[in-house]
Trainee: 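The structure follows.
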Amino acid sequence: MGTVSRPLLRLKGHELVPPEEDRRVGLEVFDVLLPCRSYDVKYKVASLGQVSPTLEFLLRLVKSTPGISDADAASFFGYSSSEMTYVLEEACGPGYLERKGGQLWLTTSGDSLFREGEKEPTIHTVESRRRSFGFDLMAIAPQARRWLEPLERFLPELASEDPAGTGRVAERLPGRFKQFFRELADQADRGKLERRDIYSIDPIVVPGERYQVPIRVLTYAQASNPSAAEIDLSIWRPDHEIADRPEIERAVALFVKDMQTTANQMDAASAYQALIDLAPEFLKDFTTRSGLSEGRYWRESVSRAGEPRSDRKTIPIVGSLLLPENIERLQSVLDYGLRAASEAPVNIFAVAPQTRRWGATTQQRDLLTLIREKVGLTFPSADRAEMKATCLFAGKPPAYTQKAFDEVLSSHVEHFPKALEILLVPGVMLAAVVHAPLGSSNGNPVPLGLASFDPAMVELGSQYVMDGLEAYTTKDGGS
C-alpha cells in the first residue's frame, strides 16, 4: 500500500532510535465521520466533438485567409467543382461559413469553433441539466454517499475549524462545482465518450439531505520520536485528491492532536509494571529496579517485531492491536493457541485503556468477528453465537464501543492501570499493550506491549482479568 503521511506535530525529546536505524512505525487506526450534504445543481454542459476532416481543413484555411475565393480554396485542396460544392454545403449549411461575392468568410458561429489555445475547430452542443451531487461540508469537495453500517453511525464526527462556515457552502458551491466538474461529469455521465466541458452554472443551488461518510485514518511516527504522530489518509483518497481538501486534513490533524496526554496522566509506570507482572520471563532483559525500561524495549520491538512460531510463543507488539499488520499477528497467535486448546473458549475479554477514542474503528468489531470465526473453524461443534465478547470499561463507554461488543461492563472506580489494554481469549491467547507517550513527557500515546499463546502467560492474564471482573457490574448492552 503506497502511503503518504502528514506531519501532525513535532515534540522535542530524547531520540529513542539512532538516525541510521530510524524508520516509520504504525501507531493507531481510527474511522471518523465526515459531514456531507447533497445539493441540487442546475448547469449547462457543452458536449464537444471534432468536425469532419474535410470541414476542418476548409475552416482552418478560411480562418487563416479570410475572404479567400471559392476557386482559390478549391485549387488549394485540389478539389473538383463537385467536390468543392459538397464541402461548401457542409460548412454553409450549419452556418459556419458565408459566401459573399465569391469569397468565403467565417461566421460568428464558425469562429467560435476555434477555442482559445487550440488550432483545430470543434463543434459543441449545449445541454441544460439538473442533478444532485454530494459534497463534504468542510472542503466543499465531491463526496459520494454510501450506506452506513450500524456501528459506523456512532463513530466520532470530525469537528470543523469554522463551524459557522458550513452555512456558506451554498454560496461557494458553484465555484467548487466548476473546479471539480471533470470528476463530477465523469460520475454523472459514465459511459458517454464525448468530451464535455462546463458551460454555465446556476448560482442558486438547493440544499438536500445531510449525511456522513467514514474516513479511515492511520497514524504513524518515526521510531526516533514515537510520540510525534503523523496522519495518513491514503486509504481514503490518493494524495493529489487530499491536496484539494486541506480543510479535512487539518480537521483530522486536530482530531489526532486532541488525543495527546502525559505519561503522568496515564500513570504509565503502573501499566508497565502490570506488563512485567504478566510476562516476567519475556521482559526480564528489559526490567530494572525502577520498572520496565520502555525505551530499550521499544527499540528492540521496533527492530525485531516478527511473527509467532511454535518456539516463539510470545512476540512484541508495536502499535494498536487494531492495525491491519497487528491483526495478522494476533491471528497467528490465535491459531497457535487454538491448536493447543482442549475445548472451545466461550468468552473474549477486553480491558479498555483510558485513552480518548480508543476503539473508534470498525476494526474493533472485525477483530472480534475474526476470533469467533477462528474458534468456529477449530471447534466446528461450538456455537459461535454463544461466544460472548465483553469489554471492561472505566467510566461511561461511547456508543461505538457498545456496538462493537456483546456487552460492556462499566465501573467508576479504577481496577486496572489507565494506560493498560488487554485482549484475552481464556485458555488460548493474551495480548497486553500500554498506551502512553514514549520518549517524551507528553504527546500522543504509543501502544507498546506483547501478544502470547504461552499457556503460563495466558493463565496469568486470565487470573489478572478475573480478579477485577467482579467490580464491573453496570451493563451497557452491545449490538
Side-chain angles (χ1 to χ4, degrees), residues 26 29 149-151 275 278-279 281-282 305-352 359 361-392 401-409 420-433 447 449-469 472 477-479:
V29 55
E149 301 171 11
L151 188 153
L275 207 62
L278 290 171
E281 184 65 23
F282 180 73
E307 304 304 319
R309 300 192 309 242
S310 57
D311 60 345
R312 186 193 292 161
K313 298 180 180 180
T314 305
I315 59 171
I317 291 289
V318 173
S320 166
L321 297 178
L322 303 179
L323 287 173
E325 58 268 31
N326 281 340
I327 287 182
E328 289 186 13
R329 292 188 177 98
L330 293 177
Q331 179 176 335
S332 296
V333 171
L334 181 67
D335 286 339
Y336 279 108
L338 286 171
R339 290 176 195 172
S342 57
E343 58 183 4
V346 295
N347 293 102
I348 306 169
F349 292 102
V351 175
T361 170
T362 56
Q363 291 281 93
Q364 180 74 270
R365 175 206 60 199
D366 294 345
L367 174 57
L368 298 173
T369 300
L370 174 66
I371 293 173
R372 287 190 178 94
E373 290 176 347
K374 287 285 184 180
V375 170
L377 290 173
T378 306
F379 298 95
S381 61
D383 187 350
R384 274 181 282 176
E386 293 184 358
M387 191 175 188
K388 182 183 293 185
T390 300
C391 179
L392 307 184
T401 299
Q402 297 179 40
K403 287 291 181 182
F405 290 86
D406 297 312
E407 67 174 3
V408 180
L409 304 182
L420 184 65
E421 174 185 5
I422 292 177
L423 177 66
L424 171 69
V425 182
V428 178
M429 65 160 287
L430 170 74
V433 175
L450 51 87
S452 179
F453 61 92
D454 185 330
M457 197 177 300
V458 175
E459 179 59 27
L460 274 176
S462 296
Q463 292 176 4
Y464 183 62
V465 172
M466 293 305 110
D467 286 345
L469 181 61
Y472 289 78
S479 56

Trainee: Holding to side chain to side chain contact (heavy atoms under 4.5 Å, CB included), I want the full list of residues that pass it with T314, two or more places apart in sequence or in another chain.
Mentor: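 Once residues adjacent in sequence are excluded, the partners of T314 under the side chain to side chain contact (heavy atoms under 4.5 Å, CB included) criterion are F282, L450, S452, D454, M457.
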Trainee: Under a 4.5 Å cut-off applied to non-hydrogen side-chain atoms, are E407 and K388 in contact?
Mentor: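 In contact.
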Trainee: Taking side-chain hydrogen bond (donor to acceptor under 3.5 Å, both in side chains) as the cut-off, I'd like each qualifying pair that reaches into residues 335-350, sequence neighbours left out, listed once.
Mentor: D335-K374
Trainee: Can you name the side chain to side chain donor-acceptor pair (under 3.5 Å) partners of Q331, sequence neighbours left out?
Mentor: none
Trainee: Can you sort out the partners of S462 under side chain to side chain donor-acceptor pair (under 3.5 Å), two or more places apart, ordered by chain and number?
Mentor: none
Trainee: What closest approach, in Å, do G427 and A341 show between heavy atoms, and which atom pair accounts for it?
Mentor: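 Closest pair (atom of G427, atom of A341, distance): O-CB, 4.3 Å.
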Trainee: Which residues pass the side chain to side chain contact (heavy atoms under 4.5 Å, CB included) test with V29, not counting sequence neighbours?
Mentor: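 Only R216, L218, L322, L323, T361, Q363 meet the side chain to side chain contact (heavy atoms under 4.5 Å, CB included) criterion with V29.
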Trainee: Residues in side chain to side chain donor-acceptor pair (under 3.5 Å) with E325, at least two apart?
Mentor: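 Per chain and number, E325 pairs via side chain to side chain donor-acceptor pair (under 3.5 Å) with no residue.
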Trainee: According to side chain to side chain contact (heavy atoms under 4.5 Å, CB included), who are the partners of P345, at least two apart in sequence or on a separate chain?
Mentor: L338, V375, F379, M387, V425, V428
Trainee: Could you measure the distance from the OH atom of Y464 to the CG atom of L424? Nearest 0.5 Å is fine.
Mentor: 12.5 Å
Trainee: What's the spacing between T369 OG1 and Q364 CD if we round to 0.5 Å?
Mentor: 10.0 Å
Trainee: Locate the shortest heavy-atom distance separating V333 from F453; write the atom from each residue and the value.
Mentor: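 It is O-CB, 3.7 Å.
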Trainee: Which residues satisfy the ring pair (Phe, Tyr, Trp, His ring centres under 6.0 Å) test with F349, sequence neighbours excluded?
Mentor: none
Trainee: With sequence neighbours excluded, tell me which residues meet side chain to side chain donor-acceptor pair (under 3.5 Å) with E459.
Mentor: Q463
Trainee: At their closest point, which heavy atom of L278 faces which heavy atom of A432, and how far apart are they?
Mentor: CD1-CB, 4.0 Å
Trainee: To the nearest 0.5 angstrom, please state how far the CG atom of D366 sits from the CD atom of E373.
Mentor: 9.5 Å
Trainee: Check side chain to side chain contact (heavy atoms under 4.5 Å, CB included) between A431 and all other residues, then give those that pass, not counting sequence neighbours.
Mentor: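 Counting only residues at least two positions away or on another chain, A431 forms a side chain to side chain contact (heavy atoms under 4.5 Å, CB included) with L321, L330, L423, M429, A451.
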Trainee: As an exercise, state the distance from CD of Q402 to CG of L151, rounded to the nearest 0.5 Å.
Mentor: 11.0 Å
Trainee: Restricting to non-hydrogen atoms, name the atom on I317 and the atom on G319 that form the minimum distance, rounded to 0.1 Å.
Mentor: CG2-O, 3.6 Å
Trainee: Mind listing the closest non-hydrogen atom pair of C391 and T401 along with its distance?
Mentor: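 Between these two residues, the closest heavy atoms are SG-CG2, 4.1 Å.
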Trainee: Once rounded to the nearest 0.5 Å, what's the spacing between atom CD of E307 and atom CD of E328?
Mentor: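 Spacing of CD (E307) from CD (E328) equals 7.5 Å.
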Trainee: How far does CG of L460 sit from CG of L430, to the nearest 0.5 angstrom?
Mentor: 9.0 Å
Trainee: Where do A389 and L368 come nearest, in terms of heavy atoms and distance?
Mentor: CB-CD1, 4.0 Å
Trainee: Out of I371, L367, D406, which one pairs with I348 under the side chain to side chain contact (heavy atoms under 4.5 Å, CB included) rule?
Mentor: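 The passing option is I371.
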